[in-house]
Amino acid sequence: MPADIPTPARPAFGALARLWPFLAPYKRHMALAFVYLVVSSAATLVVPAAFKQMIDHGFTQGSGTTGGVNLYFLGLFGVSCVLAAATAARFYMVSWLGERVVTDLRSAVYRRMLGQSREFFETTRTGEVLSRLTTDTTLVQTVVGSSLSLGLRSLFTFIGGMAMLAVTSAKLFLITIGLLALVVLPIVVLGRRVRKLSRDSQDRVADASALAGEILNAIPTVQAFTQERYEEERFDERVESGFRSAMRRTKSRAILTTVVITMVFGAIVFVLWLGATAVIQGDMSAGALAAFVLYAGLTAGSVGAMTESWGDVLRAAGATERLTELLDASSFVASPADPVPLTIEPQGATVAFEGVTFNYPSRPDHAALEDITLHIAGGESVALVGPSGAGKSTMFQLLLRFYDVTRGEIRINGLGIESLSLEALRDMIGIVPQDTVIFSADAMSNIRYGKRDATDDEVIAAARAAQAHEFIERLPDGYKTFLGERGVRLSGGQRQRIAIARAILKNPPLLLLDEATSALDAESEFLVQRALDTAMRGRTTLIIAHRFSTVQRADRIVAFEDGRIVETGTHAELLAGSGLYARLAKLQFAA
Ligand SMILES: Nc1ncnc2c1ncn2[C@@H]1O[C@H](COP(=O)(O)OP(=O)(O)OP(=O)(O)O)[C@@H](O)[C@H]1O
Ligand SMILES: [Mg+2]
């Protein structure tokens, strides 16, 4: 468990109540399932009574005709038919509910995750979220879609069975009750233990999946450093620990089952012995004893089924609790309740950093940016330069409001970005990030991610502008070529050009380029640069770059060092000075 998600000291059974909002829309289905449940339970209970009639009356007709017996058997078959139909209907309805609820639950959790801020994902492993989405929701499904109804059916059978036992033989029933009371105690005690162990074992499964998710994404690095054995051992350790935890749970459950079954059947055997004695002494009819045996069997079976279901319900309570934690996760960054509408500036967005200081949440004592004041006019292109770790990319993260500033304010078109809706803010920004992201889809849909409703022609035009058209055309299926997971079938420079095309397609008033051309050869860079020059017209552009060929085209250059702005000016002005920029330029030209 990562530290940020609070784990309640005692997992509460009440966690299941959180499933109610997911069940509530399906009240009609629940009612129907309940009706089928009642009918099938009732039919089950009628069977032994029919047997009693058959044994006591069917066989004692004595007239040699079989009419009576025929009727009883016909009746029995009729009851079986009702039982079959009601059971099937209940099964269908309840399974439907289970599948439906879990589908809704998965969507709800996923929706919640999509809205989480960077901070959430810095502290939560995606593998763990995935495991919760699959394993935990499946547990919930088991309960809603079967255990709960089995448990309810058993409960009805139990209650009905008890009642019928009482009717059949009051004396034997009272003795049975006394004995059954003894069974409840171990269920309660062991049930608690099962629940605790269940959460534990789920956590370990999540642990292992988180690790596998990370490592499978980094296979080339693992193999290049020949760390396969190490990774194998690490994974084994986690799954083994999951196994041990599961076995501890299973052991508790096995003990629970043993205790319950032994006690229940012990009681039954004892009661039967009493019954047999009563029949021999003529205090009870053979049919009544037969019915009693059947009812006792039904009742005992239902107790067994109830403990089974109870175990499942407890496991699901643990799972629901974990899912609830995800559902309750609130984003650290959120749109204001009453966002200010964004104004449009025709010559591109104006951007202002006003005394901005920022600490990453994971490093509260280290300022990644300190007292940054920077005003950028609409349509201006500004290059951010400086050594690695100076805080350049952090500027972009703040503009996109992936994090909120610690002090100061950022304004776009004169409006504080915290007063805008996140959607409006991010809609007006196009970014080519330092690490390009390619989805496992074809080239066309990867570029179209910048503007979902773009036509094929618009996509191709954007690809042309990003110098991506030619290499895409040469791929086996052109724009329909699958690029592999994370774009593994492309070179670094090709991935970058796809990302640039995506940003160009979005056509935003504010364009952020974070070393967008760093992986390109000089010629492609020149061509992409020219395309960007065209794209930059009528919009504001912030460019992070190390190569001076890129930097010197900007209207203004801002040099960063250790989270502070140390110089601003044009290429010529800064080069003439003796500051950071002149120093860096000298190094590069010397090379
Ligand atoms: N998510 C994060 N959590 C904590 N610290 C971070 C995080 N991202 C960056 N930092 C730290 O903030 C500082 C600035 O990082 P930033 O990514 O802005 O550097 P940069 O100027 O873009 O460097 P580069 O040229 O290498 O990309 C660095 O010291 C870095 O270690
Ligand atoms: Mg960076």
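In listed order, ligands and their atoms are each counted from 1.
Listed by number with element, the atoms of ligand 1 under 4.0 angstrom from any heavy atom of Gln434 are 24 (P), 27 (O). Near Thr394, with a cut-off below 4.0 Å to any heavy atom, the atoms of ligand 1 are 14 (C), 15 (O), 16 (P), 18 (O). Heavy-atom proximity to Tyr403, at under 4.0 Å, picks out these atoms of ligand 1: 1 (N). The contact set between ligand 1 and Glu515, taken as ligand atoms under 4.0 Å from a residue heavy atom, comprises 25 (O).
For ligand 1, the polar-atom distance check finds an N/O of Gly389 within less than 3.5 Å of one of the ligand's N/O atoms. Taking any N or O of His366, backbone or side chain, none lies under 3.5 Å from an N or O belonging to ligand 1.
Ring geometry for Phe439 versus Tyr449: interplanar angle of 30 to 60°, hence tilted. Note on ring orientation: taking the six-membered ring where Trp is involved, the planes of Tyr581 and His571 are perpendicular (angle over 60°, cut-offs 30° and 60°).
In this structure, the protein non-hydrogen atom closest to atom 17 (O) of ligand 1 is Ser393 CB, 3.6 Å. Closest to atom 1 (N) of ligand 1 among all protein heavy atoms lies Glu122 OE2, 3.0 Å. At the shortest separation from atom 25 (O) of ligand 1 among protein heavy atoms lies Lys392 NZ, 2.8 Å. Taking atom 26 (O) of ligand 1 as the reference point, the nearest protein heavy-atom neighbour is Ser388 OG, 2.6 Å. Closest protein heavy atom to atom 9 (C) of ligand 1: Tyr360 CE1, 3.3 Å.
Of the charged side-chain nitrogens involved, at least one lies within less than 4.0 Å of a carboxylate oxygen, so that Asp328 and Arg18 count as a salt-bridged pair. In this structure, Arg448 pairs ionically with Asp456, as a charged nitrogen and a carboxylate oxygen lie closer than 4.0 Å. Here Arg234 does not pair with Glu232 in a salt bridge; the nearest charged N to carboxylate O distance is not below 4.0 Å. Between Glu515 and Lys392 no salt bridge is recorded (no basic side-chain N to carboxylate O distance below 4.0 Å).
For atom 4 (C) of ligand 1, the choice among Gly563, Ser362, Ala368 with the nearest heavy atom turns out to be Ser362.
Not close to ligand 1: Arg118, with no non-hydrogen atom less than 4.0 angstrom away.
Here Thr394 fails the criterion, with no N, O or S atom under 2.8 Å of the Mg ion (ligand 2). Checking Ser393 against the Mg ion (ligand 2), an N/O/S atom falls under the 2.8 Å cut-off.
Leu19 pairs with exactly one of Val143, Val144, Val102, Leu323 by the side chain to side chain contact (heavy atoms under 4.5 Å, CB included) rule, that one being Val144. When the options Asn446, Asp435, Ile438, Ile500 are evaluated for a side chain to side chain contact (heavy atoms under 4.5 Å, CB included) with Arg495, the one that passes is Ile438.
Residue contacts with ligand 1, taken as heavy atom pairs separated by less than 4.0 Å, do not involve Met395 at all. Residue-level proximity to ligand 1 for Arg363 is carried by the side chain, the only part with a heavy atom below 4.0 angstrom.
By the 4.5 Å heavy-atom criterion applied to side chains, Met428 and Leu342 are counted as neighbours.
The two atoms that bring Ile504 and Ala465 nearest to each other are CD1-CB, 3.9 Å, heavy atoms only.
Heavy-atom neighbours of Asp562 CG from other residues, nucleotides or ligands within 6.0 Å: at or below the threshold of 12.
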